[in-house]
Protein chains: 2
Amino acid sequence: MENIRELFQIMTRRFGFLNKNCCTAGGLDISLIQSHIIYEIDHQFKPSMQQVAEALGTDITTFSRQVQSLIKMNLVKKVPDPDDRRVYILSLTVGGKFVATTIDQQMNAYLNEIFSHMNDFEKETVLRSIKLLNEAMAKSGFCCTTPMG
Amino acid sequence: MENIRELFQIMTRRFGFLNKNCCTAGGLDISLIQSHIIYEIDHQFKPSMQQVAEALGTDITTFSRQVQSLIKMNLVKKVPDPDDRRVYILSLTVGGKFVATTIDQQMNAYLNEIFSHMNDFEKETVLRSIKLLNEAMAKSGFCCTTPMG
DNA sequence: TTAAATTATTTGCATTTTGCAACTATATAC
DNA sequence: GTATATAGTTGCAAAATGCAAATAATTTAA
């Protein structure tokens, strides 16, 4: 069988395309990084800057500036944590939540379109496989969590 | 079941980490984009600049400069096409080929480590699923080929 | 309880990456 | 042979990056 890496290279490249300028939402153009930040804030519970930056593997200084621009765009809010005033808690504004939902729908539409080329059994198998893969990657301290050496 | 997008978001992020500063090869630090370019030149037959840039979804001007730096690093060669002297044919130098091989081995080692957390049946299923997914994405004119609107 | 060390975040650069518009050079059409 | 199209390069100017240093709040330890 072919090289395993080859399969993954093709897959990740295609998803790269899928994500790339994925998103015009609410009349705004959302970059790939921005969409990831919004996604992550939406999925974590009262996350701090660090937590989100860490989850995305972005340098904290770069992240700080990216958050600033999202705040200017009125998509993200930054509130000092009353328990530790060094920390800022990130959250989505109403507009940000709307953008998050819109992007989510767009992505799901893309993905469903892709899955429409499979039968139900194949679709089930593929989804289960991706879950397996995610779990395996989570177990692998080797890689995949935060950029390693 | 969870949102389909969620599965993919997690997966692609993890692979992003995997790829990120993936590669030190032959004493050189190879960036993610550089490794993709090298990969693509290695896999296409006598490709032109356009062809590789297109395959990677990179702007041709950016690509042109990236190739220049790879040439300086002595990994890539650029030879005018005798049939059409506007065109340049890209190829790997011996050093470039070595880097390509090294990266390939590294990535395969990572991937095997990940798969070591699965049994043989799961591994087979996952690989088959990714193949299915790649085929489905190839069929989907919707996305996944070259950046679309 | 206060000085020292630690942690979260921001700013100051300096470098790199990006992409549009304009350019050069070759090839094709009429 | 002039006009048009195509492949690739360069000139900006904007954006993204990341290290080092600054700021501000918290914890540790004497």
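Reminder, nothing fancy here: chain letters follow the sequence lines and each chain counts from 1.
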Participant: Using atom types as modelled and distance alone, determine if a side-chain donor or acceptor of A/Asn112 lies under 3.5 Å from a backbone N or O of A/Asn108.
Facilitator: yes
Participant: More 5' along DNA chain D: A/Ile33 or B/Val87, using each one's nearest nucleotide?
Facilitator: B/Val87
Participant: Does OP1 or OP2 of D/dG18 have a side-chain N or O of A/Thr62 closer than 4.0 Å?
Facilitator: yes
Participant: Between B/Leu90 (CG) and D/dT9 (C1'), how many Å, whole number?
Facilitator: 14 Å
Participant: Counting only side-chain N and O atoms of B/Ser48, is one of them less than 4.0 Å from OP1 or OP2 of D/dA7?
Facilitator: no
Participant: Would you mind reading off the distance between A/Gln50 atom CD and C/dA8 atom P, rounded to a whole angstrom?
Facilitator: 4 Å
Participant: Considering only D/dG8, C/dT18, C/dA21, which nucleotide approaches the side chain of B/Gln66 most closely?
Facilitator: C/dT18
Participant: Report the distance from atom NZ of B/Lys131 to atom CE of A/Met11, rounding to the nearest 0.5 Å.
Facilitator: 13.5 Å
Participant: Any side-chain to backbone donor/acceptor pair from B/Thr102 onto B/Ala25? Under 3.5 Å, distance only.
Facilitator: no
Participant: Distance check needed: C/dA27 C1' versus B/Asp81 CG, whole Å only.
Facilitator: 12 Å
Participant: According to a strict under-4.0 Å criterion, is A/Thr61 in side-chain N/O contact with OP1 or OP2 of D/dG18?
Facilitator: no
Participant: To the nearest angstrom, how far is A/Lys78 atom NZ from C/dT10 atom C1'?
Facilitator: 8 Å
Participant: Quick one: A/Ile89 CD1 to D/dA25 P, roughly how many Å, whole number?
Facilitator: 16 Å
Participant: D/dA7 C1' sits how many Å from B/Ile60 CD1, rounded?
Facilitator: 7 Å
Participant: Could you tell me the separation between the CZ atom of B/Arg86 and the P atom of D/dA5, rounded to a whole number of Å?
Facilitator: 13 Å
Participant: Of all the nucleotides listed (D/dC12, D/dC19, D/dA7), which has the minimum atom distance to the side chain of B/Arg65?
Facilitator: D/dC12
Participant: If Ile, Leu, Val, Met, Phe, Trp and Tyr residues are connected whenever their side-chain heavy atoms lie under 4.5 Å apart, and connections chain through other members, are A/Ile60 and A/Leu70 in the same group?
Facilitator: yes
Participant: Rounding to an integer number of Å, can you tell me how far B/Asp59 CG sits from D/dA15 P?
Facilitator: 16 Å
Participant: Taking atom types as modelled, is there a side-chain donor on B/Gln9 or A/His36 under 3.5 Å from an acceptor on the other?
Facilitator: yes
Participant: Within the structure shown, what part of the strands sits under 4.0 Å from B/Phe63 by heavy-atom distance: base, sugar-phosphate, or nothing?
Facilitator: nothing
Participant: I want to check one thing: is the phosphate of D/dG8, taken as OP1 and OP2, less than 4.0 Å away from some side-chain N or O of B/Gln68?
Facilitator: no
